[in-house]
Amino acid sequence: MPSTPSDLYGLIDGNNFYVSCERVFNPRLENKPVVVLSNNDGCVVARSQEAKDLGIKMGVPWFQVRHLERKGLIAQSSNYALYADMSARMMSVMGQYSPRQEVYSIDESFLLFEGFGSWNLQEHLHRLRAQVRQWVGIPVCGGLGSTKTRAKLANRLAKRELEFGGVCHLESMDLREQARYLSRVEAGDVWGVGRRTTEKLAALNIRTALDLLKAPPDFIRQRFGVALERTVRELNGLACFGLEDEPAPRQQIVASRSFGQRVTELSELRESVLSYMARAGEKLRRQNSVCAVVGVFLRTNAFAPEEPQYHPMATIPLPSPAQDSFTLAKAAIRGLESIYRKGYRYQKAGVMLMELSPASQGQYGLFPEENGDRVTLSRLSDRINDRMGRDTLRLAGSLETGGWRMRRGAASPAYTTSWRELPLASS
DNA sequence: TCTGGGGTCCTAGGACCC
DNA sequence: TCTGGGGTCCTAGGACCC
């Protein structure tokens, strides 16, 4: 539900989150240009301020900036087990600062401040900031605004303009002051305005957040659609997006990876598909859904246009919605075998679980007791893997023999989630 | 040589129906 | 030959988010 006018949204997020997580356990990374790389050490997905200052852009392929190692650039492979755990700690501290929290992504939360009246929210967020820093070790910034879009904007200002000291309250400024700051933010930096829209807006001479705020909503709707119209209204203080405290279950679950090296053999593709399906099945059971359609896809390397290209997808409807890894894996393998062609160098494979519905509404098949055993076994396996570590139990066919596993050249240990990898303190 | 992964929503167009 | 109008559903593609 949209909030009443006096309600305020806060948006708090971690600065250079993945890099900050690495720095908590490896202080030698402080004050140095550091980047965190995507799977297979493919692209830059996080940058320290020093790395940004070197001109490294978000998302660039690592091989294009790798030469900067000579200038002191340090690269870490991504360590999602660590980031997810640090995120949970950070979110739980943030959640203590408002009764209403929406965890929006791995590194940011919206907080809704309803009925806080004359409470000094700016001070409030400064305290939050200090506490997250002290308890979790992650630097964060906060923005306050009358809508989510304005809170996002305020957060961006808090990051960029040093005079805010890490917290920016947009509604505490008079209109003239707001306009001054909004005219310094590019339209493309507004939440909901992507690359394509930025180009189209520029052609209409709408270049800054202030220009966009002043654009007539009807005109924007007609030229760009309802999504951008909402953004414009939100910029003007009309809340179009409410707080979503209760995350809706996913409508679709995807598990896919690029391979560490190109794959040509069906046997290796089978291993990879089984291992991705194990991941997808865990997610499905965690949200207690069942799946009616399984998808499998393959992809050759689109960056090598001289090679023959092939990117097929198979969708396999299940006889009745299922939740257990055995049924899902069988369908996926059948799909894989139907689309596999010899003679291609595959770069990536993936599975999709589609047409999900709550397990409680699931329809039972012809052999419910057999089905029930499989579900029980899958859930048991989830619990064991949860306790003993991922892949302690897995489907036999997913044992790896090939080189499809991803590369992670410089990964940090799972400091907080594995007893074997706890950091040691020496005096 | 080397280029991530996982989501959502909106829209346009076609098939189909009455 | 001439050939309405409106609704639904599905799909593919585009755009956006992190």
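Quick caveat, the model's predicted, so the values are computed rather than measured. Here is the naming used below: chain letters follow the sequence lines, and residue numbers restart at 1 for every chain.
Nearest-nucleotide positions on DNA chain B place A:Tyr18 closer to the 5' end than the other of A:Gly225 and A:Tyr18. The nearest heavy atom of DNA chain B to A:Arg299 and to A:Ile253 marks one nucleotide each, and the one closer to the 5' end goes with A:Arg299.
Using the Watson-Crick or G-U wobble rule with both distances under 3.5 Å, B:dC18 pairs with C:dG5.
Only the C1' atoms considered, C:dC17 is 15 Å distant from B:dG4, to the nearest whole Å.
The shortest distance between the side-chain N/O atoms of A:Lys152 and the OP1/OP2 oxygens of C:dC18 is below 4.0 Å. Distances shown here put every side-chain N or O of A:Lys200 at or beyond 4.0 Å from the OP1 or OP2 atom of C:dG14. A sub-4.0 Å separation between OP1 or OP2 of B:dG5 and a side-chain N or O of A:Lys348 is present. Proximity of A:Gln261 to the phosphate of B:dT1: no side-chain N or O atom is located under 4.0 Å from OP1 or OP2. Between A:Arg230 and B:dC9 there is no side-chain polar atom (N or O) within less than 4.0 angstrom of OP1 or OP2. Between A:Ser258 and B:dG5, a side-chain N or O to OP1/OP2 separation shorter than 4.0 Å is present. Phosphate proximity of C:dG14 to A:Arg195: absent, as no side-chain N or O sits under 4.0 Å from OP1 or OP2. In this model, the phosphate group of B:dG6 is approached by a side-chain N or O of A:Ser256 to a distance below 4.0 Å at OP1 or OP2.
Counting to the nearest Å, the P atom of B:dT3 and the CD atom of A:Glu307 are 11 Å from each other. Nucleotide C:dC17 holds its P atom 10 Å from the CG atom of A:Leu228, rounded to whole Å. Per the geometry, CE belonging to A:Met354 stands 15 Å off C1' belonging to B:dG6, to the nearest Å. Remark: C1' of C:dA12 and CZ of A:Phe297 are 16 Å apart, rounded to the nearest angstrom. The CE-P distance, from A:Met90 to C:dC18, rounds to 14 Å in whole Å. When rounded to the nearest whole Å, the span between CZ of A:Arg286 and P of B:dG6 equals 13 Å.
Just one of A:Leu238, A:Val232, A:Leu235 meets the side-chain contact (heavy atoms from CB on, under 4.5 Å) condition when paired with A:Thr149; it is A:Leu235.
Across all strands shown, A:Glu229 has no heavy atoms under 4.0 Å from either base or sugar-phosphate atoms. Backbone-only contact: A:Val193 has heavy atoms under 4.0 Å from sugar-phosphate atoms and none from a base. Within 4.0 Å of A:Asp107, counting heavy atoms only, lie sugar-phosphate atoms of the nucleic acid but no base atom. If you check every strand for non-hydrogen atoms under 4.0 Å, A:Trp191 touches sugar and phosphate atoms only. Among the atoms of the strands shown, only primed sugar atoms or phosphate atoms (P, OP1, OP2) are found under 4.0 Å from some heavy atom of A:Val190. Within the nucleic acid shown, A:Thr197 comes within 4.0 Å of sugar-phosphate atoms alone, with no base atom in reach, counting heavy atoms only. Residue contacts for A:Asn40: at a heavy-atom cut-off of 4.0 Å it reaches no nucleic acid atom on any strand shown. Among the heavy atoms of the strands lying under 4.0 Å from A:Glu108 are primed sugar atoms or P, OP1, OP2 only; no base atom is included.
Residues A:Tyr310 and A:Tyr340 keep their aromatic ring centres 6.0 Å or farther apart. In this structure, A:Phe110 has its ring center under 6.0 Å from that of A:Trp191.
Side-chain atoms of A:Phe63 lie closest to B:dC2 of the nucleotides C:dC18, B:dT8, B:dC2. Among C:dC16, B:dC10, C:dC18, the nucleotide with an atom closest to any side-chain atom of A:Arg196 is C:dC16. Counting only heavy atoms from C-beta on, A:Tyr104 has its side chain closest to C:dC17 among B:dG4, C:dC17, B:dC2. For A:Arg250, the listed nucleotide lying nearest its side chain is B:dG7; candidates were C:dC16, C:dC18, B:dG7. Taking only side-chain atoms of A:Ala255, from C-beta outward, the nucleotide of C:dC18, B:dG6, B:dG5 with the closest atom is B:dG6. Between B:dG6, B:dG4, C:dC17, one nucleotide has an atom nearer to the side chain of A:Val254 than all others, and that is B:dG6. Across C:dC18, B:dT8, B:dT3, the shortest atom-to-atom separation from the side chain of A:Gln251 is found for B:dT8.
Here the straight-line distance linking atom OG1 of A:Thr198 with atom CZ of A:Arg207 works out to 11.5 Å at 0.5 Å rounding.
Using cut-offs of 30° and 60° on the angle between ring planes, the pair A:Phe113 and A:His124 is perpendicular. Ring geometry for A:Tyr346 against A:Tyr344 counts as tilted: the plane angle lies between 30° and 60°, on a 0 to 90° scale.
The pair A:Arg345-A:Glu307 counts as a salt bridge, with a side-chain nitrogen and a carboxylate oxygen less than 4.0 angstrom apart.
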